[in-house]
**Student:** 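Below is one structure. I have some questions about it.
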Amino acid sequence: MKNIEAATYRVDSEIKLADLNTREDLESLDKKLRKALESVRIELGEFQDTMYAHGKYSVLICLQGTDTAGKDSLIREVFKDFNARGVVVHSFKVPTELELKHDYIWRHYIALPAKGKFGVFNRTHYENVLVTRVHPEYIMNEHIPGIHSVDDIDQSFWDKRFEQINNFERHIAENGTIIFKFFLHLSKEEQRQRLLRRLELRKKNWKFSPGDLKERLIWDQYQKCYEDALNNTSKPHAPWFVIPSDNKKAARLIVASILYEELKKYKDIREPELDDKIKANLEQYKKQLENE
């Protein structure tokens with residue numbers, strides 16, 4: 001099987017999505033891909049156990065992608081072997097009335113994973129430079145001082161948002177959150193096929209929304225906004241990875257492999273040592289329990 005290296009998918013310089021592959025077959029059969037994923041996700045689960053005992057880091061995984069990109073199934077398959085208490089998933093929908101009374105990052109900040117845990121954001125704070133950029137009228141619901149109409153939302157507004165997001169991520173990274181951001185790169189044709197399957201298979205009908213077809217009409221606009229977000233916010237402390245996602249099984253393995261490859265670099269994450277006094281009396285404690 002083709003080796004998976006994080007650097008292959010990391011955004012380290014300016015990219016154009018049109019130049020990047022949406023399909024990665026990894027030169028392997030589906031059965032081998034599944035077995036490889038099983039192996040990696042067990043390693044990730046064990047890492048999380050150690051990270052919990054260590055108690056100084058958390059991991060934030062941000063997933064972005066168009067409708068049908070495979071975010072939900074990726075979460076289900078990659079984190080299947082985690083302790084259920086070790087990973088928390090948040091799926092962010094349209095902001096509530098309460099959330100709109102705060103700044104746009106607030107609802108994401110309060111959902112950050114605690115030390116020792118993995119947090120997965122299914123759609124993220126980047127919706128605030130993606131869907132709101134394509135539909136700037138949504139910004140009016142935020143009641144921002146100085147923004148009186150859509151005409152007030154210019155390029156400097158979006159540049160400021162990129163800066164705010166970078167500052168937010170820098171802050172949490174400096175305080176022990178390890179950040180991964182994955183863009184599931186899907187082709188327009190593959191999305192068409194997946195939407196058709198939702199219509200053709202009764203058990204998948206519930207996933208379909210007519211709104212998906214409306215958003216397809218402005219596909220290119222969304223791609224440009226994704227591209228700008230990736231280029232403006234991929235930083236060493238919070239890198240973006242563009243994951244070819246036309247092949248779901250390969251995409252899941254790539255994401256899991258990147259996580260494990262990068263997390264192994266944190267050599268200070270290890271189980272804590274017992275206090276010397278306790279360690280010196282282990283045999284005594286053992287005998288005490290055996291003699292009960």
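All values derive from a computational prediction rather than experimental measurement.
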**Student:** Do Glu262 and Arg10 meet the salt-bridge criterion of a basic N to acidic O distance under 4.0 Å?
**Tutor:** yes
**Student:** Between Glu77 and Lys248, does at least one N-O distance fall below 4.0 Å, as a salt bridge requires?
**Tutor:**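 Judged by the 4.0 Å cut-off on N to carboxylate O distance, Glu77 and Lys248 do not form a salt bridge.
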**Student:** Clusters formed by hydrophobic residues whose side-chain heavy atoms approach within less than 4.5 Å: which one holds Leu282, and what are its other members?
**Tutor:** Leu274, Ile278, Tyr285
**Student:** Give the intermediate values and the outcome of side-chain contact (heavy atoms from CB on, under 4.5 Å) for residues Ile243 and His185.
**Tutor:** CA-CA 6 Å; Ile243 309 300; His185 190 25; over 6 Å; no
**Student:** Just by distance, do the side chain of Gln64 and the backbone of Phe183 share a donor-acceptor pair under 3.5 Å?
**Tutor:**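 Between the backbone of Phe183 and the side chain of Gln64 there is no qualifying donor-acceptor contact (under 3.5 Å).
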**Student:** If we ignore hydrogens and angles and just use 3.5 Å, is the side chain of Asp246 paired with the main-chain N or O of Leu186 as donor and acceptor?
**Tutor:**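 Such a contact is absent between Asp246 side chain and Leu186 backbone.
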**Student:** Step by step, work out the side-chain contact (heavy atoms from CB on, under 4.5 Å) result for Glu271 and His54.
**Tutor:** CA-CA 5 Å; Glu271 292 179 358; His54 183 247; over 6 Å; no
**Student:** Charged N to carboxylate O below 4.0 Å: is that the case for Asp67 and Arg216?
**Tutor:** no
**Student:** Can you check whether Gly65's main-chain N or O pairs, donor with acceptor, with Lys71's side chain at less than 3.5 Å?
**Tutor:**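 Side chain of Lys71 to backbone of Gly65: a pair is present.
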**Student:** Above 12 or not: heavy atoms from other molecules or residues under 6.0 Å from NZ of Lys265?
**Tutor:**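 Result for NZ/Lys265: enclosed.
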**Student:** Given His125, which partner from the list Glu169, Arg107, His108, Arg161 fulfils the side chain to side chain donor-acceptor pair (under 3.5 Å) test?
**Tutor:**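 The single option meeting the side chain to side chain donor-acceptor pair (under 3.5 Å) with His125 is Glu169.
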**Student:** Under a 3.5 Å distance rule, please check whether Asn21 uses its side chain to pair with a backbone N or O of Arg23 as donor and acceptor.
**Tutor:** no
**Student:** Go through the steps for Arg133 and Cys225 under the test side-chain contact (heavy atoms from CB on, under 4.5 Å), then give the verdict.
**Tutor:** CA-CA 7 Å; Arg133 195 171 181 188; Cys225 291; 3.8 Å; yes
**Student:** With no hydrogens and no angle check, do the side chains of Tyr9 and Glu24 hold a donor and an acceptor under 3.5 Å apart?
**Tutor:**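 Side chains of Tyr9 and Glu24: pair found under 3.5 Å.
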**Student:** Taking the six-membered ring where the residue is Trp, are the ring centres of His135 and Tyr138 under 6.0 Å apart?
**Tutor:** yes
**Student:** Can you confirm whether Glu137 is buried at CD, in the sense that more than 12 heavy atoms of other residues, nucleotides or ligands lie under 6.0 Å from that atom?
**Tutor:**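 Counting other residues, nucleotides and ligands, CD of Glu137 exceeds 12 neighbours.
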**Student:** Is it true that the side chains of Tyr104 and Glu99 contain a donor and an acceptor less than 3.5 Å apart?
**Tutor:** no
**Student:** With salt bridge (charged side-chain N to carboxylate O under 4.0 Å, His left out) as the criterion, how do Asp228 and Lys224 come out once you've worked through the C-alpha distance, each side chain's angles and the decisive distance to 0.1 Å?
**Tutor:** CA-CA 6 Å; Asp228 284 350; Lys224 179 64 169 66; 2.9 Å; yes
**Student:** Is any side-chain N of the basic residue among Lys160 and Glu163 closer than 4.0 Å to the acidic one's carboxylate O?
**Tutor:**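 Looking at Glu163 together with Lys160, the answer is yes, because their closest N to O distance falls below 4.0 Å.
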**Student:** Is there a donor-acceptor contact under 3.5 Å from the side chain of Asp81 to the main chain of Val40?
**Tutor:**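 Here the side-chain-to-backbone pair does not exist.
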**Student:** Please check if atom OH in Tyr52 has more than 12 non-hydrogen atoms from other residues, nucleotides or ligands closer than 6.0 Å.
**Tutor:** no
**Student:** Would you say Arg170 and Asn167 are linked by a side-chain donor-acceptor pair, where the criterion is simply a distance under 3.5 Å?
**Tutor:** yes
**Student:** Consider only side-chain heavy atoms of I, L, V, M, F, W and Y, link residues closer than 4.5 Å, and tell whether Leu259 and Leu26 are in one cluster.
**Tutor:** yes
**Student:** Give a yes or no on whether Leu130 and Ile179 share a hydrophobic cluster (residues Ile, Leu, Val, Met, Phe, Trp, Tyr; joining criterion: side-chain heavy atoms under 4.5 Å apart).
**Tutor:**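 Looking at the clustering, Ile179 is in the same group as Leu130.
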**Student:** Within the structure provided, determine whether Lys181 and Thr233 are in side-chain contact (heavy-atom separation under 4.5 Å).
**Tutor:** yes
**Student:** Can you tell me how far CE of Met140 sits from OG1 of Thr132, rounded to the nearest 0.5 angstrom?
**Tutor:**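 If I round to the nearest 0.5 Å, the distance is 12.5 Å.
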**Student:** Without hydrogens or angle criteria, can the side chains of Asp159 and Gln155 be said to hold a donor-acceptor pair below 3.5 Å?
**Tutor:**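 Asp159 vs Gln155: donor-acceptor pair found between side chains.
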**Student:** Please confirm whether the backbone N or O of Trp240 pairs with a side-chain atom of Ser234, one donor and one acceptor, at under 3.5 Å?
**Tutor:**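 A pair under 3.5 Å: yes.
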**Student:** Got a donor-acceptor contact below 3.5 angstrom from the Asp212 side chain to the Phe208 backbone?
**Tutor:** no
**Student:** If Ile, Leu, Val, Met, Phe, Trp and Tyr residues are connected whenever their side-chain heavy atoms lie under 4.5 Å apart, and connections chain through other members, are Ile105 and Leu63 in the same group?
**Tutor:** no
**Student:** Using atom types as modelled and distance alone, determine if a side-chain donor or acceptor of Asp152 lies under 3.5 Å from a backbone N or O of Ser149.
**Tutor:** yes
**Student:** For the residue pair Gln193 / Glu189, report whether a side-chain donor-acceptor contact shorter than 3.5 Å exists.
**Tutor:** yes
**Student:** Can you check whether Asp268 reaches Lys56 side chain to side chain, under 4.5 Å on heavy atoms?
**Tutor:** no
**Student:** Under 4.5 Å between any side-chain heavy atoms of Thr8 and Ile4, yes or no?
**Tutor:**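 Not touching, per the 4.5 Å side-chain cut-off.
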**Student:** According to the interplanar angle, ranging from 0 to 90°, do the rings of Phe47 and Phe118 count as parallel (below 30°), tilted (30 to 60°) or perpendicular (above 60°)?
**Tutor:**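 Judged by the thresholds at 30° and 60°, the geometry between Phe47 and Phe118 is perpendicular.
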**Student:** Is the CD atom of Glu273 crowded by more than 12 outside heavy atoms at less than 6.0 Å?
**Tutor:** no
**Student:** Should the heavy atoms of other residues, nucleotides or ligands under 6.0 Å from CD of Glu97 be counted, would the total exceed 12?
**Tutor:**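 Counting other residues, nucleotides and ligands, CD of Glu97 stays at 12 neighbours or fewer.
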**Student:** Looking at Lys35, is its backbone amide N or carbonyl O close enough to the side chain of Ser39 to form a donor-acceptor pair, meaning the two atoms are under 3.5 Å apart?
**Tutor:**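 No, Ser39 side chain to Lys35 backbone: no donor-acceptor pair under 3.5 Å.
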**Student:** How about Glu5: does its CD atom have over 12 heavy atoms from other parts shown lying under 6.0 Å from it?
**Tutor:**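 At most 12 heavy atoms, drawn from other residues, nucleotides or ligands, come within 6.0 Å of this atom.
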**Student:** Charged N to carboxylate O below 4.0 Å: is that the case for Asp72 and Arg76?
**Tutor:** no
**Student:** In Å, rounded to the nearest 0.5 Å, how long is the span from CD of Glu215 to CD of Gln191?
**Tutor:**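 Here the rounded value is 9.5 Å.
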**Student:** Once rounded to the nearest 0.5 Å, what's the spacing between atom CD of Gln288 and atom CD of Glu283?
**Tutor:** 13.0 Å
**Student:** Rounded to the nearest 0.5 Å, what separates atom CD1 in Ile165 from atom NZ in Lys235?
**Tutor:** 12.0 Å
**Student:** Using a 4.5 Å cut-off on heavy atoms from C-beta on, say whether the side chain of Val134 contacts that of Ile218.
**Tutor:**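 A side-chain contact under 4.5 Å exists here.
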**Student:** Where does the angle between the aromatic ring planes of Phe180 and Phe182 fall among parallel (under 30°), tilted (30 to 60°) and perpendicular (over 60°)?
**Tutor:** parallel
**Student:** Evaluate the side-chain proximity of Arg252 to Ser73: yes if any heavy-atom separation is below 4.5 Å, no if none is.
**Tutor:** yes
**Student:** Do Arg34 and Lys249 pass the side-chain contact (heavy atoms from CB on, under 4.5 Å) test, and can you show the C-alpha distance, the side-chain angles, and the key distance before you say yes or no?
**Tutor:** CA-CA 7 Å; Arg34 285 197 299 271; Lys249 291 182 176 64; 3.6 Å; yes
**Student:** Heavy-atom count check: over 12 atoms from other residues, nucleotides or ligands less than 6.0 Å from Lys115 NZ?
**Tutor:** yes
**Student:** Can you confirm whether more than 12 heavy atoms, excluding those of Lys188, are under 6.0 Å from its NZ atom?
**Tutor:** yes
**Student:** Do the ring planes of Phe79 and Phe82 sit parallel (below 30°), tilted (30 to 60°) or perpendicular (above 60°)?
**Tutor:**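 Because their plane-to-plane angle is over 60°, the rings of Phe79 and Phe82 count as perpendicular.
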**Student:** Enter the distance from Arg85:CZ to Asp49:CG here, rounded to the nearest 0.5 Å.
**Tutor:** 9.5 Å
**Student:** With a 4.5 Å cut-off on side-chain heavy-atom distances among I, L, V, M, F, W and Y, is there a chain of contacts connecting Phe241 to Leu60?
**Tutor:** no
**Student:** Does the Thr124 side chain pair with the main chain of Cys62, one donor and one acceptor, at a distance under 3.5 Å?
**Tutor:** no
**Student:** Between atom OG1 of Thr177 and atom CG of Asn175, what is the distance when rounded to the nearest 0.5 Å?
**Tutor:** 7.5 Å
**Student:** May I ask whether Leu196 and Leu213 are part of the same hydrophobic cluster, defined by side-chain heavy atoms of I, L, V, M, F, W, Y residues being less than 4.5 angstrom apart, directly or through others?
**Tutor:**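 No; tracing contacts between hydrophobic side chains, which count when under 4.5 Å, never links both residues.
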**Student:** Please examine the side chains of Ile15 and Leu230, heavy atoms only from C-beta on, and report whether any two atoms are closer than 4.5 Å.
**Tutor:** yes
**Student:** For residues Ile61 and Phe121, determine if any side-chain heavy atom of one lies less than 4.5 Å from a side-chain heavy atom of the other.
**Tutor:** no
**Student:** Is there a side-chain contact between Glu190 and Arg194 in this structure, where contact means two heavy atoms from C-beta onward sitting under 4.5 Å apart?
**Tutor:** yes
